[in-house]
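Below you'll find the structure, written out as structure tokens, and then a few comments.
Chain identifiers are assigned alphabetically (A, B, ...) following the order of the sequence lines, protein sequences preceding nucleic acid strands; residue numbering begins at 1 within each chain. We use all heavy atoms of the structure for the numbers below, so side chains are in, but hydrogens, waters and symmetry mates are not.
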Amino acid sequence: MQERRYSPEEIEKKWQQIWEDQKTFEVTHKSTDRPKYYVLEMFPYPSGRIHMGHVRNYSIGDVGARMKMMQGYNVLHPMGWDAFGMPAENAAIKNNTHPAHWTYHNIDYMRDELKRLGYSYDWNRELAPCHPGYYQWEQLFFLKFYEKGLVYRKKAPVNWCPTCVTVLANEQVEAGQCWRCDAMVEKRELSQWFLRITDYAEELLKDLDKLSGGWPERVISMQKNWIGKRTGMEIDFPVQGLDEKITVFTTRHDTLFGATFMSLAPEHEMVPRLIRDNPDQEEIRDFIARTTSQEHEERTAEDTEKEGIFTGSYCLNPATGEKMPIYLANFVLAEYGTGAVMAVPAHDQRDLEFARKYSLPVRVVVRPLEMDEPLPEHMDKAFAEPGLAVNSGRFNNKPTLQVQEEIADYLEDLQAGRRAVNYRLRDWNISRQRFWGAPIPVIYCDKCGIVPVPAGDLPVVLPQDAEMPRDGRSPLPDLESFVQTDCPECGNKARRETDTMDTFGESSWYFARFTQPRKEDGAFDSEAVQYWLPVDQYIGGIEHAILHLLYARFFVKALRDIGYWDLNEPFANLLTQGMVLKDGAKMSKSKGNVVDPDEMIRRFGADTVRLYCLFASPPEKDLEWSDSAIEGSYRFLNRLWRLVHELSGVISPVGPCISMEEHSLTPEEKDLRAAEHEALRRATRDMLDKFQFNTAIAACMELLNPIGQQRQSLKASPSGPQVLSSALSTVLTVLAPITPHICEELWAHMGYKQSLAWSRWPDYDPRALVRQETTVVIQVNGKLRSSISVPVDMDQEELKSMCLNDEKVKKHIQGKKVVKMIAVPQKLVNIVVR
RNA sequence: GCGAGAGUGGCGGAACAGGCAGACGCACUGGACUUAGGAUCCAGCGGUUUUACCGUGGGGGUUCGAAUCCCCCCUCUCGCACCA
């Protein structure tokens, strides 16, 4: 008989077609009695081609989706494109075309690539936010946010990336650099649109606790960190000679008695009034100019020397009544707290350094618990730990925590301060001076001011005829046909906003749109949203730990308060997959270590690529790509292929893990059957419960080995064909979500009529796991000395005496006294001797 | 500096609940088959001075028994970092 070779190319195309023809992965929320399960992978930016990181991400998701289907869930598994963004503009400039053209072309190519990988997407739901049918809803959200005061316009120092020619949100600046191009970010004073994410700071923080368990702790702690909640007090310091107060935020109000001077950010709004009467104004202005022109990153570096200048004004310490000189200091940030710091040099390292430099008084107000009060003149390190209050009037000798409470009460009584909470999180700047994004639906009228576009006039469509300026600027401000419009209120000539929305806006709600992506009379179908959301399993890279994942959480809460749903969180479970590395480094063109998925699929087929991605390491860890290791995965699939074909005449479609008359089986049959059920037990636990595909695959490989080795004798034994059939069916079933094409093909070859995609995940039989004999290892004083094979139900006492009579054991216990024997049933006996 | 996580063969990685360390795979070695082998199959594969001893980053501890639990230290990765 002509041997049929494993030809991935042929069978993968075939099964992809069958799934498509049979609409295997098309789902609806209507008329189903099965529970829902929503699997989502972060959608890709259509950069041109998919890379191995995508393949890994989407393979993990696909296994999740297919496996849940087999468990009887109604599974939603959609895919789309994060289609707005700058590379499209750059490419359009380079190729003298329109960003839309480049984007849609890339999408077409990448969709083919994904299809070749056999993912179980419901392609009917595909979406791209650069389509007006998508972004019109985002523009509507903007209007609703505006109505609610959740979006506002203000002039503020914002992050400007000179290379991208646009501003960036705080979350998009990493160590002073642009998250996308690594250019140093500058501060610029611009009027921009901001989303009031800070209104939700407390809820965003609080709800992280609910995500615990479903989300990696790492991501939760990163978000906590980013939100940066601090509880403390706002304290007012009256300024001498002015009828004004400087308000500070502090978490250490217990040290108020030690505040000997005041430090203000050079940008503080009170500065002009504080220096008005100072003859050295020039010098101060110089200092301010010097400090504020410094790059933010440089100014805020920890090792930057503390510098300041005296304003000439004084304020009063509300606790001591003492005069405190007011300084400007380079290390005080205008954007944190109130931009003013009460300086307590004895208990804050920065203040101490500053005090030493400008010879300002140091007063100790906290004494360490176990030590004497430090001498202020000898201090070179501030004492920032808790202790007992000293030099603090009636609060003396009380512990720090108690003093905090009492001083808070005291100041609140005096109306000189109040308990306060401060967050590091800032409002989200969503204005972008770029073209390829959703236009912000606002009109500026000389008479009426800022006028939102009426909802009925949406969408504000991004012009298709724009020509891209070569320097990267947006064409919109110069495009009269876009800019010129009539004021919706007074009808006079007016101008459109030319900024577009941050592309993180689109990804903040796409998961919800997927539930009914073609809906035309509204953003969401409430029934579909109610049924599908939240996403049960979300999968993507850790790089979005703060950015996308924080924005999306915020959007869900904001849209909830607008009335779209009663959902609180978008993603119930989050898996952050590791990177794909080659030679220990992230793949990149510049390093020349890129492995092309298309080429791998050509050489080995999609199943092998998927198998390798899932086998080489657990999902959340980095994966080191190895050209030779992937061949091992290919070999395994070949071995599986050959085995099923060789046994064609013997095996039949009996089903996986079928029940059998135990007592009629030969020992060899029983062993293979036990191995089969053990493999299923492990695979079920590792895949379904833990998303640990590498060990589930190992379990399949382990099962295939004895099938291969014992197939000859099993072919001839009475129940051998049944046992072999069941075992192979189990292997194919377990591997089906991982390598679906080859499994479908072999499944059909075995004689099954129905697609594996619709097969049910089998249950193992605990009784089949029980073997007749088991190996018990014998230790003497905890050291392995021997092992014996005994019946599983052997009596404990009998087992112990058998161990003592073991030849090797005897040697080790000779002449010694047996003190104790510990027996772990079916595993081990430890003999303790002296 | 603060916070989180991780250190296991030549490599990727296993080890459920404190009970045979190294499953599974890669690489390697030997053999079979073969005109050939980069296919396939079989066997071996932590180290050493191999009746035995040592071995999961290092040191201590708990325990009959520790990769696993506790304490100290080292290293690496990630995040935050002049945030008052």
Side-chain angles (χ1 to χ4, degrees), chain A residues 174-175 216-226 228 230 232 248-253 255 259 263 265 299-306 329-333 335-344 347-351 353-354 384 422-424 542 545-546 581 611-612 615-618 620-633 635-636 638-639 642 681-682 685-686 689-690 692 694-705 708-709 775-787 808 811 819-833:
Chain A
E174 293 163 355
E217 279 310 314
R218 197 151 71 108
V219 176
I220 292 177
S221 92
M222 280 164 79
Q223 291 213 354
K224 276 190 182 160
N225 230 322
W226 184 259
R230 295 288 132 81
V248 304
F249 174 78
T250 178
T251 56
R252 289 301 306 273
H253 39 285
T255 62
S263 306
R299 183 176 147 196
T300 57
E302 200 168 359
D303 48 8
T304 301
E305 196 183 344
K306 289 166 190 40
N330 62 347
F331 65 89
V332 178
L333 307 174
E335 62 267 26
Y336 185 81
T338 60
V341 179
M342 69 174 206
V344 186
H347 306 292
D348 183 286
Q349 188 59 29
R350 294 157 296 177
D351 295 343
E353 286 170 33
F354 196 87
N422 196 46
Y423 298 91
R424 211 184 72 121
I542 187 80
I546 295 170
L581 310 176
L611 180 65
Y612 177 70
F615 178 61
S617 83
E620 65 281 358
K621 288 187 41 176
D622 287 348
L623 183 152
E624 173 69 33
W625 188 269
S626 154
D627 288 325
S628 56
I630 189 175
E631 291 188 34
S633 295
R635 273 202 291 270
F636 170 72
N638 270 288
R639 197 154 72 239
R642 284 195 311 271
R681 186 186 71 84
R682 279 169 48 195
R685 183 195 66 202
D686 293 352
D689 301 346
K690 301 199 294 192
Q692 242 180 57
N694 54 331
T695 48
I697 294 164
C700 289
M701 290 173 167
E702 272 176 83
L703 175 55
L704 203 65
N705 288 337
Q709 280 152 359
T775 306
V776 168
V777 301
I778 311 172
Q779 299 179 335
V780 176
N781 285 348
K783 290 207 164 99
L784 180 68
R785 293 303 176 193
S786 182
S787 68
K808 288 183 200 151
K811 256 195 328 209
V819 183
K820 197 171 170 186
M821 280 181 85
I822 292 115
V824 182
Q826 294 182 49
K827 271 200 182 132
L828 143 160
V829 173
N830 189 10
I831 304 165
V832 186
V833 294

[X] [atom1] - [N] [atom2] separation (whole Å):
X	N	atom1	atom2	result
N330(A)	rC83(B)	CG	P	13 Å
I778(A)	rC20(B)	CD1	C1'	12 Å
Q223(A)	rG3(B)	CD	P	20 Å
E631(A)	rC11(B)	CD	C1'	15 Å
E702(A)	rG22(B)	CD	P	12 Å

Establish whether the base of [N] is bridged to the side chain of [X] by a donor-acceptor pair shorter than 3.5 Å.
X	N	value
N830(A)	rC64(B)	yes
R230(A)	rC83(B)	no
K306(A)	rC82(B)	yes

Does [N] have OP1 or OP2 under 4.0 Å away from a side-chain N or O of [X]?
X	N	result
N694(A)	rA14(B)	yes
K820(A)	rC64(B)	yes
R682(A)	rA23(B)	no
R424(A)	rC82(B)	no
R639(A)	rC24(B)	no
R350(A)	rC83(B)	yes
R785(A)	rC53(B)	yes

Once you apply the 3.5 Å cut-off to both distances, tell me the Watson-Crick or G-U wobble partner of [N], or none.
N	result
rU62(B)	none
rG44(B)	rC28(B)
rU49(B)	none
rC2(B)	rG79(B)
rU34(B)	none

Of the nucleotides [options], which one has an atom closest to the side chain of [X]?
X	options	result
F615(A)	rA14(B), rG12(B), rA27(B)	rG12(B)
M701(A)	rC82(B), rC24(B), rG13(B)	rC24(B)
R635(A)	rC83(B), rU40(B), rC20(B)	rU40(B)

Quote, to the nearest angstrom, the [atom1] distance that separates [N] from [M].
N	M	atom1	result
rU75(B)	rU63(B)	P	32 Å
rC53(B)	rA6(B)	P	33 Å
rG5(B)	rG37(B)	C1'	46 Å
rA17(B)	rG13(B)	C1'	22 Å
rU48(B)	rG10(B)	P	10 Å
rC82(B)	rC78(B)	C1'	22 Å
rU8(B)	rA15(B)	P	15 Å
rA52(B)	rG60(B)	C1'	27 Å

Identify whether any heavy atom of [X] sits under 4.0 Å from a base atom; if not, whether one sits that close to sugar-phosphate; answer base, sugar-phosphate or nothing.
X	result
Q779(A)	base
N705(A)	sugar-phosphate
S263(A)	nothing
S787(A)	nothing

- request: Might you point out which heavy atoms bring A384(A) and R252(A) nearest each other, and give the distance in Å?
  value: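 Heavy-atom minimum between the residues: O-NH1, 3.0 Å.
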Given the options N781(A), I822(A), V819(A), I778(A), I831(A) meets side-chain contact (heavy atoms from CB on, under 4.5 Å) only with I778(A)
- Message: By the rule that syn is within 90° of 0, classify the base conformation of rG9(B) as syn or anti.
- Response: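 Syn.
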